[in-house]
There are 2 protein chains.
Amino acid sequence: MHGYGQFCPVAKTMEVLDERWTVLVIRELLSGSHHFNELRRGVPRMSPALLSKRLRNLTRIGIVMRLDEGGRARYELTPAGRELAPVVMALGDWGMRWMTELGDEDLDPHLLMWDIRRNVNRDALPDGRTVVAFELSEARGGRSNWWLVATADEVDLCDFDPGHPAAVRIVAPLRTMTRVWRGDISWSAAQKAHGLRLEGSTSARRAVPSWFNLSVFATVERPALAAP
Amino acid sequence: MHGYGQFCPVAKTMEVLDERWTVLVIRELLSGSHHFNELRRGVPRMSPALLSKRLRNLTRIGIVMRLDEGGRARYELTPAGRELAPVVMALGDWGMRWMTELGDEDLDPHLLMWDIRRNVNRDALPDGRTVVAFELSEARGGRSNWWLVATADEVDLCDFDPGHPAAVRIVAPLRTMTRVWRGDISWSAAQKAHGLRLEGSTSARRAVPSWFNLSVFATVERPALAAP
DNA sequence: CAGTATCCATTTCGATACTG
DNA sequence: CAGTATCGAAATGGATACTG
């Protein structure tokens with residue numbers, strides 16, 4: 001039995017949303033992912049079997065539609081699913097205010113880069129192709145390199161050097177880059193006090209903050225700190 | 001491992017809220033329940049061991065405070081906990097719009113009466129003591145009787161005849177009474193088409209709808225029905 | 001009143017490998 | 001690309017009884 005046995009609409013909603021991963025899958029769909037392997041990138045720790053099961057369940061409930069796009073599966077939110085946006089926003093707003101401590105296990109360079117990639121502000125980029133290189137270092141000593149290759153048409157994320165010279169190179173602890181993306185600290189604070197370094201021409205370095213839109217939750221107001 | 005391994009605030013929030021029953025406990029606290037057995041009445045299908053565990057967990061996380069009120073335990077939401085109200089409201093709003101089908105197992109007369117009791121509109125009641133009797137019949141043939149005894153000071157819910165004569169007697173299928181409470185149907189529609197009957201003086205019968213505030217979600221707009 | 005204690009059935013999930 | 005298949009470990013939580 002998975003129901004709560006209550007007529008309360010909060011309970012009825014939670015019967016659907018309290019299953020592990022479900023809300024994150026919906027978040028991914030709201031963020032514009034539509035294909036199975038695209039969704040997987042947003043929930044990398046979820047097994048494909050479980051993702052498949054959740055998608056089937058959400059489809060049955062009427063939150064997701066599975067479309068056949070010329071032999072390719074495409075997942076879309078139904079109107080009911082799209083109306084979960086305020087729920088997801090409320091959850092995120094609360095999390096920004098009250099779940100501020102990130103453990104090392106919450107930091108994930110691939111997930112971060114995937115988010116950043118989705119939010120490159122193409123209008124602010126120079127014409128032609130722009131490459132931005134990232135070097136992210138983890139607490140455990142790991143280090144990973146990424147390249148965003150932005151053209152007028154699209155933005156590609158690579159984990160290998162694409163060959164073209166980078167306009168800017170961003171070197172930072174993974175935690176710092178994550179906090180910038182979340183809006184916990186500004187680009188300039190990150191440079192002054194959190195080990196972020198920009199390498200490139202002065203004009204390009206200056207333009208970097210405008211090239212990236214931060215997380216939709218970056219502007220959430222944080223609670224006032226308690227008086228000491 | 002129960003975390004999602006993501007820095008996303010939605011994920012961080014769901015790490016807390018996706019545990020079974022947790023949101024319903026928070027809903028009860030938001031509704032004004034503060035003591036263990038009071039909370040239990042709002043989540044009757046939850047075992048006391050589990051409620052205890054959830055309360056401890058919520059306390060550890062900083063959503064709930066456990067106060068010692070002269071030897072009696074009292075649970076209060078912290079500021080972070082109170083700020084979950086928008087989340088709970090968003091969940092309920094969505095549920096009213098999209099989770100409209102209630103199974104027989106979602107109907108619970110005790111839970112319903114407990115909700116109704118909490119929302120008696122004392123200002124609208126006649127002076128002195130007012131007794132309202134309910135007779136709720138279930139699909140399975142069960143039937144239960146309840147009495148609300150309202151005075152200036154308090155409202156008591158009894159499952160036995162308190163002796164004083166009832167100003168009004170409300171006889172209805174449990175499903176109908178539940179739907180009225182949820183705002184799915186009006187008092188008058190319930191009488192015309194869903195088997196609800198009011199017994200008592202004309203003036204009292206007419207006054208009944210003003211005596212009860214309905215669920216906070218009763219006014220949520222329902223989605224337009226799809227064209228046939 | 002406010003919980004604990006115990007115990008086990010069930011579920012759930014993660015890991016891994018595999019397929020049309 | 002878009003999933004299924006399989007399997008075992010872990011945890012979850014429901015039922016029931018008990019306690020200071």
Side-chain angles (χ1 to χ4, degrees), chain A residues 1-6 11 14-25 28-29 33-60 64-76 105-106 108 110-111 114 156-157, chain B residues 1-6 11 14-26 28-29 33-61 64-76 105 108 111 114 156-157:
Chain A
M1 196 242 330
H2 179 247
Y4 287 114
Q6 300 203 357
M14 286 314 288
E15 285 182 8
V16 178
L17 300 188
D18 70 359
E19 276 191 320
R20 188 161 159 77
W21 293 110
T22 296
V23 170
L24 300 199
V25 171
E28 284 306 299
L29 289 160
S33 288
H34 294 291
H35 300 288
F36 194 85
N37 286 341
E38 207 176 3
L39 290 164
R40 283 197 69 187
R41 269 183 288 255
V43 283
R45 314 261 268 243
M46 190 180 188
S47 80
L50 195 50
L51 174 56
S52 168
K53 183 176 169 186
R54 289 287 183 274
L55 286 168
R56 239 177 295 131
N57 200 34
L58 288 169
T59 303
R60 188 181 51 74
V64 165
M65 292 179 300
R66 183 185 193 281
L67 308 174
D68 197 309
E69 201 182 40
R72 201 180 176 202
R74 179 186 174 86
Y75 297 95
E76 288 272 8
E105 63 286 357
D106 296 324
D108 180 328
H110 193 176
L111 218 37
W114 186 245
D156 276 341
L157 173 63
Chain B
M1 197 240 332
H2 179 250
Y4 287 115
Q6 300 202 357
M14 288 312 289
E15 285 182 8
V16 178
L17 300 187
D18 70 359
E19 276 191 320
R20 190 162 157 74
W21 293 111
T22 296
V23 169
L24 300 199
V25 172
I26 293 166
E28 285 307 299
L29 289 160
S33 289
H34 295 290
H35 300 288
F36 193 86
N37 286 341
E38 208 175 3
L39 289 164
R40 284 198 68 186
R41 269 184 287 257
V43 283
R45 313 263 266 245
M46 190 180 188
S47 80
L50 195 50
L51 174 56
S52 169
K53 183 176 167 184
R54 288 287 183 275
L55 287 169
R56 239 176 297 130
N57 201 33
L58 288 169
T59 303
R60 187 179 53 73
I61 292 164
V64 166
M65 291 180 300
R66 184 185 193 280
L67 308 174
D68 197 308
E69 200 182 41
R72 201 180 177 203
R74 178 185 175 85
Y75 297 94
E76 289 272 10
E105 64 286 355
D108 179 328
L111 217 38
W114 186 246
D156 276 341
L157 173 63

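A quick note: this is a predicted structure, and the numbers were derived from the prediction, not measured. Chain naming here is simple, since letters A, B, ... match the order of the sequence lines and numbering starts at 1 in each.
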Heteroatom pairs (N/O) under 3.5 angstrom, protein to nucleotides 18-20 of chain D:
none

Produce the list of close N/O pairs, under 3.5 Å, pairing protein atoms with atoms of nucleotides 4-6 of chain D; give distances to one decimal.
residue: D:dT4; atom: OP2; partner: A:Ser52; partner atom: OG; Å: 2.6
residue: D:dT4; atom: OP2; partner: A:Arg56; partner atom: NH2; Å: 3.4

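As a whole-Å value, the separation of B:Asp68 CG from C:dG3 C1' is 13 Å. Atom CZ of B:Arg45 and atom P of D:dG14 are 10 Å apart (whole Å). Atom CZ of A:Arg20 and atom C1' of D:dA11 are 11 Å apart (whole Å). Computed from coordinates, the B:Leu58 CG to C:dG3 C1' distance equals 16 Å when rounded to whole Å. Per the geometry, CE belonging to B:Met46 stands 10 Å off C1' belonging to D:dG13, to the nearest Å. Atom CG of B:Leu24 and atom C1' of D:dG13 are 15 Å apart (whole Å). Distance CG (B:Leu51) to P (D:dG13): 13 Å, rounded to an integer number of Å. Computed from coordinates, the B:Arg72 CZ to C:dG3 C1' distance equals 13 Å when rounded to whole Å.
Checking the phosphate oxygens (OP1, OP2) of D:dC1, no side-chain nitrogen or oxygen of A:Tyr75 falls inside 4.0 Å. OP1 or OP2 of C:dG14 has at least one side-chain nitrogen or oxygen of A:Trp21 nearer than 4.0 Å. At the phosphate of D:dA2, OP1 or OP2 sits under 4.0 Å from a side-chain N or O atom of A:His35. At the phosphate of C:dG3, OP1 or OP2 sits under 4.0 Å from a side-chain N or O atom of B:Arg66.
Residues satisfying the side chain to side chain donor-acceptor pair (under 3.5 Å) test with B:Arg40, not counting sequence neighbours, are none. For B:Arg56, the side chain to side chain donor-acceptor pair (under 3.5 Å) partners two or more places apart in sequence, or in a different chain, are B:Ser52. Residues forming a ring pair (Phe, Tyr, Trp, His ring centres under 6.0 Å) with A:His110 (at least two apart in sequence, or on another chain): A:Trp146. Evaluation of the side-chain contact (heavy atoms from CB on, under 4.5 Å) rule for B:Ser47 yields B:Ala49, B:Leu50 as partners, not counting sequence neighbours. Not counting sequence neighbours, the partners of B:Glu76 by the side chain to side chain donor-acceptor pair (under 3.5 Å) test are B:Arg74. Among residues two or more places apart in sequence or in another chain, the side chain to side chain donor-acceptor pair (under 3.5 Å) test is passed with A:Asp18 by A:His2, A:Tyr4.
The shortest distance between side-chain heavy atoms of A:Tyr75 and A:His34 does not fall below 4.5 Å. Side-chain contact check for B:Trp21 versus B:Leu24: some heavy-atom pair is nearer than 4.5 Å. With a 4.5 Å cut-off on side-chain heavy atoms, B:Thr59 and B:Arg54 do not count as touching.
Note on A:Arg40: nothing from the nucleic acid sits closer than 4.0 angstrom, heavy atoms only. Within the 4.0 angstrom heavy-atom criterion, only backbone atoms of the sugar-phosphate kind lie near A:Arg54; the bases stay farther away.
With hydrogens and angles left out, the side-chain atoms of A:Asn57 and A:Arg60 include a donor and acceptor closer than 3.5 Å.
Pairing analysis of DNA chain C (Watson-Crick: purine N1 to pyrimidine N3 plus N6-O4 or O6-N4; G-U wobble: N1-O2 and O6-N3; both under 3.5 Å) yields stems of 3 or more pairs at C:1-20 with D:1-20.
Taking CG of B:Leu157 as the reference point, atom CZ of B:Arg41 lies at 9.0 Å (rounded to 0.5 Å).
The heavy-atom pair separating A:Ala11 from A:Gln6 by the smallest distance is CB-CB, 3.8 Å.
For A:Asn37, taking side-chain heavy atoms from C-beta onward, the closest of the listed nucleotides D:dG3, C:dC1, D:dC1 is D:dC1.
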